[in-house]
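Working notes, structure below.
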Amino acid sequence: MTSEHDHGHADDHHAQPDDHRHGHGHHDHEHDAACEVAHGTVPMRADGRMLVAVFATPVAQYLLRYAADAGYQPVLVEPDTQLAKEADEAGFDVRPGMGSVPDAGTDVVVTDHHREELGVMLRDALASPARWVGVMGSPRAEPPHIQALALLGVEPGEVARVHRPIGLNIGSKSPPEIAIATLAGLIADRNERPGGFHFD
């Protein structure tokens, strides 16, 4: 329990002139854009960004949570009714299909390339105005989405629009790390930056 006397000391402490020893909070401190970013005072973007994660996987769950923190509107597309119900109960905005979800401010990430709905989901994403479409998968394995889209009659030029692999090459292994790499890659792409540790 804190006494009034203690509160008085706390107030006196915050008023001491040496409080500016780190340079912050003092009227002489010069703030620039980088400083505002470091202190979290830059307002969240309101540019209509949406991130659609397709299929309810652990990676999708982390990706959507991180995306919401980064200013995206997070949406999960899950055609399986049971998986969709579970995701809805977990608090996600769940849609059964691509439908009218994507617009020009949307990034679509397919998080499972083994699902039988893979081709349909990618076909519908490519047919939408979505800004970016990608599917997770190892670059060392044969990409299954190519055959899946070909069987649906999607032209090779459209198939080539699907990004794979996706995300930054940070050696990610776990679902949270994969989600971080993916989101970082999307942000770098939006900002026309190479990602990684290359700063111009």
Pairs satisfying side-chain hydrogen bond (donor to acceptor under 3.5 Å, both in side chains), at least one member in residues 51-63, at least two apart: Thr57-Thr111

same_hphob_cluster(Val120, Val162) at 4.5 Å side-chain heavy-atom cutoff: yes

Matching residue for Leu51 among Thr106, Leu183, Thr182 - test: side-chain contact (heavy atoms from CB on, under 4.5 Å): Leu183

Full working for side-chain contact (heavy atoms from CB on, under 4.5 Å) between Val59 and Val109: CA-CA 10 Å; Val59 170; Val109 177; over 6 Å; no

Rounded distance [0.5 Å steps], CD1 in Ile187 versus OH in Tyr66: 13.0 Å

Derivation of the side-chain contact (heavy atoms from CB on, under 4.5 Å) call for Met136 and Ile166: CA-CA 6 Å; Met136 292 182 178; Ile166 61 177; 3.6 Å; yes

Donor-acceptor pairs under 3.5 Å, side chain of residues 86-95 to any protein atom, not counting sequence neighbours: which ones?
unit_1	atom_1	unit_2	atom_2	d
Glu86	OE2	Gln82	NE2	3.1
Asp93	OD1	Arg95	NE	3.0
Asp93	OD2	Arg95	NH2	2.9

Pairs meeting criterion salt bridge (charged side-chain N to carboxylate O under 4.0 Å, His left out) with involvement of residues 98-109, two or more places apart: Asp107-Arg131, Asp107-Arg190

Selection residues 164-179 - residue pairs positive for salt bridge (charged side-chain N to carboxylate O under 4.0 Å, His left out), sequence neighbours left out: none

Single-linkage hydrophobic cluster Ile170~Ile178, side-chain heavy atoms < 4.5 angstrom: no

Taking every non-hydrogen atom, the tightest pair across Pro102 and Pro129: O-CD, 3.6 Å

Hydrophobic cluster identity match, Ile180 and Leu76, side-chain contacts under 4.5 Å: yes

Set of residues satisfying side chain to side chain contact (heavy atoms under 4.5 Å, CB included) with respect to Leu118, sequence neighbours excluded: Val110, His113, Leu122, Val135, Pro144, His145

Sub-4.5 Å side-chain heavy-atom contact between Val108 and Met121: no

Pairing residues for Arg161 by the salt bridge (Lys or Arg N to Asp or Glu O under 4.0 Å) criterion, not counting sequence neighbours: Glu158

Connected hydrophobic set around Leu151, excluding itself, where side chains approach under 4.5 Å: none

Separation of Leu186 CG from Leu63 CG (nearest 0.5 Å): 7.0 Å

For Ala148 against Gly119, the heavy-atom pair lying closest together: CB-CA, 3.9 Å

Set of residues satisfying ring pair (Phe, Tyr, Trp, His ring centres under 6.0 Å) with respect to His163, sequence neighbours excluded: Trp132

Within residues 114-123 or reaching into it, pairs that qualify as side-chain hydrogen bond (donor to acceptor under 3.5 Å, both in side chains) - sequence neighbours excluded: Glu78-Arg115, Arg115-Glu117

Same cluster (ILVMFWY, side-chain, under 4.5 Å), Tyr72 and Val77: no

Pairing residues for Ala184 by the side chain to side chain contact (heavy atoms under 4.5 Å, CB included) criterion, not counting sequence neighbours: Leu168

Partners passing side chain to side chain contact (heavy atoms under 4.5 Å, CB included) against Pro58 (at least two apart in sequence or in another chain): Pro175

Single-linkage hydrophobic cluster Leu64~Leu83, side-chain heavy atoms < 4.5 angstrom: no

Where Ala68 and Pro74 come nearest, the two heavy atoms and their spacing: CB-CG, 3.8 Å

